[in-house]
Every structure is written in structure tokens, then in C-alpha cells.
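This report concerns only the one structure given below.
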Amino acid sequence: MEPAVKLRRASYADWPVLSPLWRAVVAAGDTYFYAPDTPESVAAAFWMPGDPAETWLAEDLNMGVLGTYLLKPNQIGLGDHVANAGFMVDPVVRGRGIGRQLGEHCLARAAELGYRAIQFNAVVANNAIALALWRSLGFVIVGTVPKAFRHHQLGEIDIHIMHRFL
């Protein structure tokens, strides 16, 4: 049975239920630059930075937090019309459309907030599932940074910068 997923905006008080997902994704060492031993307070500050950023949760009544995304300006000042976003999905429910649901919601939310585009600064080049999802949602690779990510198994690999107008 597929989870009945509800999306809602998270508050800092949600960190205790979000932290296990954040830790599991970061510990895998294959998609995020965060160190697996990041202190709890630092991890919370990264993923729950406060306004103008928004953190969202995908939850199931029985299974808890299944995914999350962070939406924020990519730059300050004259670059704050372009958003940046990061996504995490619980490995247990990958392949069930949670990432797509989060991605579609994020695109709509970014447009509501007045962003003109979204830029992903670091999609790890071997993350075929994420690359396929983002391409299907209209993102294109606008640049590649060679050997910028130290993958836990593959060593130094490329990252892609992806972009989409809203």
C-alpha cells in the first residue's frame, strides 16, 4: 500500500522528527556535502534556517516523515529572485513518487513566492534518479564542476548545476 502523503511547512520544533531522515541521507555519503558527524545544532541550522527560507515535510500518518525539501534564495540581494532547493526522501520509500510530489510542490511554492527560476547548485553526477526527475520537471544542466564531490565509494566525481525558469 502506498503511503498517504500530506505536505506541510515545517517549523524548527519539527527538527526532532526530521533529524533521523536528514541523518540517514547524509550518512549515505552519496548526495550531500554535509559531514555525517555534523553536530545536531548545526544540522538543524542548515536545514531549518528560517525566513525567507521554507522547509517542508512530506508525512504519512503511520510512517512519519517520508521526505523534505528546503526552499530559499540562491543568493542575497540582486540574486534573490532565483531560488535554490534541496530535497531528501527516506530510502525506504524511494521510487514511490515522494520526490516528484515534493518537486512539484516546490516549483509551485517558489512561483507563489515570486521567484523567477530555481537553480540546483550541486546535483551529484551519478545520481541518475535525481537527474531524471529534475529533467522530467523541466530542469536543464547549465554547468558541470569536475570532481567537486567526494563520493563515499566512487571518490571524486562531478556535480551538475541545474536550472529551470518558473
Side-chain angles (χ1 to χ4, degrees), residues 5-59 64-90 94 97-125 127 129-131 133-145 148-149 158-166:
V5 179
K6 303 283 188 218
L7 271 64
R8 70 171 176 87
R9 187 163 176 193
S11 72
Y12 199 80
D14 288 308
W15 181 251
V17 297
L18 178 54
S19 176
L21 168 62
W22 192 94
R23 293 267 169 221
V25 170
V26 169
D30 56 6
T31 57
Y32 276 93
F33 286 94
Y34 305 120
D37 62 352
T38 299
E40 200 68 18
S41 62
V42 175
F46 281 147
W47 204 257
M48 309 286 291
D51 291 337
E54 294 186 0
T55 303
W56 287 78
L57 302 178
E59 294 181 304
V65 176
L66 305 178
T68 181
Y69 76 83
L70 169 62
L71 176 64
K72 62 183 183 178
N74 193 51
Q75 298 293 335
I76 60 170
L78 301 179
D80 67 0
H81 62 292
V82 176
N84 175 259
F87 299 81
M88 294 183 177
V89 174
D90 187 326
R94 283 196 186 133
I98 306 297
R100 178 169 297 280
Q101 186 175 355
L102 288 167
E104 290 171 349
H105 186 274
C106 180
L107 289 170
R109 184 67 184 142
E112 287 173 16
L113 293 171
Y115 289 109
R116 303 278 311 270
I118 297 182
Q119 177 178 316
F120 298 151
N121 297 326
V123 180
V124 178
N127 191 346
I129 293 171
L131 288 167
L133 172 60
W134 303 134
R135 284 182 174 128
S136 77
L137 291 175
F139 286 84
V140 295
I141 294 173
V142 295
T144 300
V145 183
F149 184 77
D158 299 349
I159 59 168
H160 297 304
I161 301 165
M162 300 187 82
H163 180 272
R164 180 187 190 263
F165 285 108
L166 297 172

[X] versus [Y]: any side-chain heavy-atom pair under 4.5 Å?
X	Y	value
Ile159	Phe33	yes
Trp22	Tyr32	no
Leu102	Leu7	yes
Asp80	Pro52	no
Val124	Asp30	no
Met88	Thr31	no
Thr38	Arg23	yes

Next on the checklist: Rounded at 0.5 Å granularity, tell me how far CZ in Arg164 sits from CZ in Arg135.
Outcome noted: 15.0 Å
Checklist entry - Could you give the distance from CG (Leu166) to CD1 (Ile118), rounded to the nearest 0.5 Å? => result 5.0 Å
Listed by chain and number, what are the side chain to side chain contact (heavy atoms under 4.5 Å, CB included) partners of [X], not counting sequence neighbours?
X	answer
Thr55	Ala10, Leu18, Trp47, Met48, Pro49, Thr68, Leu70
Asp158	Ala125, Thr144, Pro146, Lys147
Ala117	Val82, His163, Phe165
Glu59	Arg8, Leu57, Val65

Checklist entry - Are Glu40 and Trp15 close enough, and set up right, to give a side chain to side chain contact (heavy atoms under 4.5 Å, CB included), and what steps lead you there? => result CA-CA 9 Å; Glu40 200 68 18; Trp15 181 251; 2.7 Å; yes
Next on the checklist: Under a 3.5 Å distance rule, please check whether Ser19 uses its side chain to pair with a backbone N or O of Pro16 as donor and acceptor.
Outcome noted: no
Checklist outcome for this item: Shortest non-hydrogen pair, Leu21 vs Val89, comes out as CD1-C, 3.7 Å
Next on the checklist: Restricting to side chain to side chain donor-acceptor pair (under 3.5 Å), what partner residues turn up for Ser136, sequence neighbours left out?
Outcome noted: Arg100
Next on the checklist: Going by side-chain hydrogen bond (donor to acceptor under 3.5 Å, both in side chains), name the pairs with one or both residues in residues 103-120, residues two or more places apart or in two chains.
Outcome noted: Glu54-Arg109, Tyr69-His105, Arg109-Glu112, Gln119-Asn121
Checklist entry - Is it true that atom CD1 of Ile129 has more than 12 heavy atoms of other residues, nucleotides or ligands lying nearer than 6.0 Å? => result no
